[in-house]
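One structure is given below, encoded as structure tokens.
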4 protein chains.
Amino acid sequence: MLTSDEQNTAQRARTDLAKDQRRMSLLMAALDEFFEKGFSAARMQDIAKRVHLSKGTLYLYFDSKQALFKALIEEVALPTLTTTLQQSIGDQPAPAALKALMQNVTRVIRHSPLPRIVKVIIADGKAFPDLVSFYRTQVLDRVFTLIDSLLQKGVQQGHWYCLDTALSARLVVAPILFSVIWRMVFEADEYGLPDQQAKLDLDALLQLHTNNLLLILATKPELGSQPEAHHV
Amino acid sequence: MLTSDEQNTAQRARTDLAKDQRRMSLLMAALDEFFEKGFSAARMQDIAKRVHLSKGTLYLYFDSKQALFKALIEEVALPTLTTTLQQSIGDQPAPAALKALMQNVTRVIRHSPLPRIVKVIIADGKAFPDLVSFYRTQVLDRVFTLIDSLLQKGVQQGHWYCLDTALSARLVVAPILFSVIWRMVFEADEYGLPDQQAKLDLDALLQLHTNNLLLILATKPELGSQPEAHHV
Amino acid sequence: MLTSDEQNTAQRARTDLAKDQRRMSLLMAALDEFFEKGFSAARMQDIAKRVHLSKGTLYLYFDSKQALFKALIEEVALPTLTTTLQQSIGDQPAPAALKALMQNVTRVIRHSPLPRIVKVIIADGKAFPDLVSFYRTQVLDRVFTLIDSLLQKGVQQGHWYCLDTALSARLVVAPILFSVIWRMVFEADEYGLPDQQAKLDLDALLQLHTNNLLLILATKPELGSQPEAHHV
Amino acid sequence: MLTSDEQNTAQRARTDLAKDQRRMSLLMAALDEFFEKGFSAARMQDIAKRVHLSKGTLYLYFDSKQALFKALIEEVALPTLTTTLQQSIGDQPAPAALKALMQNVTRVIRHSPLPRIVKVIIADGKAFPDLVSFYRTQVLDRVFTLIDSLLQKGVQQGHWYCLDTALSARLVVAPILFSVIWRMVFEADEYGLPDQQAKLDLDALLQLHTNNLLLILATKPELGSQPEAHHV
DNA sequence: GATGAATGAGAATTCATTCAT
DNA sequence: AATGAATGAATTCTCATTCAT
């Protein structure tokens, strides 16, 4: 008689809940592999092995490698983001909301799969233009819209001056993307010693960024000194 | 009957100069393929075909696909950068130098291969940790050091206030990286019409960024309002 | 409509036993291909096809062509030999044992894969010096030692005279190797009509050889007529 | 002005003599490569490089790799042999002739290309059945016939008894082939130290073999103890 | 005559996908 | 549901051969 550890066949997922969990764990395994190897170099077998399942089982949940990639973008990116960000803003005055947002961002960068998804999309998006388009409209544009609204709210509330909130929203996001990329690319967690010189102080950077933003937004632009802003 | 143009054997690169040019054209072809498909999905044959050569010929110039990638990073990234940036600063006062730098950056983003190289490194760097390390120390750190020096110079010259020039250098660069990534990932030039909505107004963004920077740097920080900055 | 025999997917080897058998059949197929074409010219696909498998399946059993070659030498040469020869000698008096041995040799030459392995090692050994060394020490030296012991035993038992049993062991083996090479190289069984002129009468040759040996060994050497023997 | 050493183009072979020499040096280079790598794994470029010529030049002398192999067997094997052996026998009495022959054999094994040719034929002959057939009839059969004649002469002269001179000729040759194979396969000259244990004392072996032969041939066979010999 | 750049057929190897158990 | 043996298309890389200079 074998204990479950000794069997070489994994537990079956019988209930819908168990199947959903298995599906999700496969998606996260895929994310890790895609993140580390890239879509093309990632092996279906390795993805399955990460959750102690066989190749064949992976195909019970996803029709193909491409389908797996698509599901990853569609099912993980969106929920992760909306869950995390929407709650950041709430009812507070705009400056407080901006500060809260930036702190949430720090947490998301550290603890959610989103940064890895961003890296995967940058790396392999060209093979999936529909998905990239989906991601941009469903995820990124929402983020920019959210920030845009926040900036407008601050202007309306009399806290801030901002002539081009759409463009400024991009500048709000830029250091966040910078941090994400830097951590994903230059700070190897995996093997070998991460280059200590390469370590980015995430908190300090985003703190300084936040301070800069608050300063800029609080400053009344002199007429003519701002360029005529075109939006994105 | 074939005219000489219709032969199926390419002109031979006989002189050292011709060979260097051929090598360089292969590197640029590789960059394009790596950029569009990723290292793993790019096919050696397609790289060769881009310059109307056979795969066999490609192997006369590079021992392997990996060697091709390495040569790309080592031989293209570094010269492109140093050539382009070092000239930007010159002898001008710091604020003028910063403006000049940002304008040069716009040109580099539009016309040099560097943005594509950045995308390639983000996408495929994990397979070449040595190269990533090389790139960070030889290219990126130089850029940061250059900007850091500029900021310090501005402070010494009495134009600016800046408590943490190293960290601020990152914030100078962040919107540049943002623009690069945005253009590389979300503005497909290749097939079909790029999503017009996705177009980023590069000039406006960097212009606004520059103005913001100049404003921040010109502002004397109130004591205690800045976080203790840790650098990168 | 296909009957089960006409499927294009082979039976699966599910049990360990079935896998061992499949592995062995692949080894024998490899031996045949290596024997006929040489290591370098043999094609993995042809080896697989000999046992009605695809090349992909071959790689389930052996990591590479080199690994296949190594397994062939290590797993087939040694067992074949020890199984066949050790039983030849037994407890009989030395002359009877020598006769028995030579008769077994005839059978081995005719019916075991050993002659083909010998040819393969001669042909391709230079690419695998470790294996050649292994083969010499594990197979050949054992054979020589066995014969050496037999000769010594004959001397001790008073049947024979032999001043240099080690060297004589080589002379015992020489006509065997000659026969093997001759059959492997000059008597093509495969295609086309073997040159009837080239046929070697294996039994007669080894019978004559045995008689010669018995005569020589039974003859007391005159002093000084033997060279000072150096052994191998 | 370049001295001849510094040119990167070899001296032209203008005279027929020079061309013949160049052709011969290419053949010997091919022999060395075929011997070490086997026909299939040998590279035309390496053969040319051995004599400091380019691939292209090699093709001026031989139409193809196969043609090179054929020329090697046809042009080198035959002359080498006939030159060396025919002179061994001369007019002496049979026993003296046999001794002389065996001493010549030692020299041939050590200093002529013949042993390497033998190895090459064993290794790659299967791909060139015509050549093997040619080699057997033109080279080997001549050798056997020569020895056969010698044995018959010894019998006629009253020195020897030999019921089956054809078969015995094979036994005369067997230890020679053994020595050749042993040296070619188990005594690596190339890299690293050859296994000292593997060294065969060629002189001693052939000396002992000669003594044995003389003994056997001098012994009158008892009636019925010899098998009815079939010849080859 | 000599060269070596260019070519592309060919071989080893990988891996997404299928499917019998 | 889960498995992993089997498959073969696809890709990297090699090397015999050609041919313009």
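Order of the sequence lines fixes the chain letters, A, B, ..., with proteins taken first and strands second; residue numbering starts at 1 for each chain. The model shown is predicted, which means the values in this text are computed figures rather than measured ones.
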Would you mind telling me which residue lines up with the more 5' stretch of DNA chain E, A:Ser64 or B:Arg14, judged by nearest nucleotide?
->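 On the 5' side of the pair lies B:Arg14.
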Distance in angstrom units between A:Arg12 CZ and F:dA1 P, rounded | 8 Å
Nucleotide F:dC19, atom P - distance to CD of B:Gln11 in whole Å | 15 Å
Would you sketch DNA chain F in dot-bracket for me? Only Watson-Crick or G-U wobble pairs with both distances under 3.5 Å count, crossing pairs as [ ], other-strand pairs as |, the rest as dots.
-> .||||||||||||||||||||
Proximity of B:Phe39 and B:Phe128 rings by center, below 6.0 Å = yes
Ordered by number, residues from residues 39-48 of chain B within less than 4.0 Å of DNA chain E (heavy atoms) are none
Within residues 18-27 of chain A, find the residues that approach DNA chain E with a heavy atom at under 4.0 Å, and present them sorted by residue number.
->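 Under 4.0 Å from DNA chain E: no residue of residues 18-27 of chain A.
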Closest approach of C:Val76 and C:Pro113, non-hydrogen atoms and distance?
->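 Shortest heavy-atom contact: CG1-CG, 4.1 Å.
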Nearest heavy atoms of A:Ala29 and A:Val51, plus distance in Å = CB-CG1, 4.1 Å
Is a side-chain N or O of [X] found less than 3.5 angstrom from the main chain of [Y], in a donor-acceptor match?
X: B:Lys119; Y: B:Phe35; result: yes
X: B:Asp124; Y: B:Gly38; result: no
X: D:Lys126; Y: C:Met184; result: yes

Of all of residues 52-63 of chain A, which get a heavy atom below 4.0 angstrom from DNA chain F, listed by number?
-> A:Leu53, A:Ser54, A:Lys55, A:Gly56, A:Thr57, A:Leu60, A:Tyr61
Near DNA chain F, under 4.0 Å by heavy atom, which residues of residues 65-73 of chain D?
-> D:Lys65
Between the side chains of [Y] and [X], is the shortest nitrogen-to-carboxylate-oxygen separation below 4.0 Å, so that they form an ion pair?
X: D:Glu75; Y: D:Arg23; value: yes
X: C:Lys37; Y: C:Asp46; value: yes
X: C:Arg50; Y: C:Glu33; value: yes

Qualifying side-chain hydrogen bond (donor to acceptor under 3.5 Å, both in side chains) pairs with a residue from residues 59-68 of chain A, counting only residues at least two apart or across chains = none
Would you compute the distance between atom [atom1] of [X] and atom [atom2] of [Y] and round it to the nearest 0.5 angstrom?
X: C:Thr57; Y: C:Leu26; atom1: OG1; atom2: CG; answer: 8.5 Å
X: A:Leu72; Y: A:Phe62; atom1: CG; atom2: CZ; answer: 8.5 Å
X: B:Tyr135; Y: B:Ile73; atom1: OH; atom2: CD1; answer: 7.5 Å
X: D:Arg22; Y: D:Leu27; atom1: CZ; atom2: CG; answer: 13.5 Å
X: D:Ser25; Y: D:Ile47; atom1: OG; atom2: CD1; answer: 12.0 Å

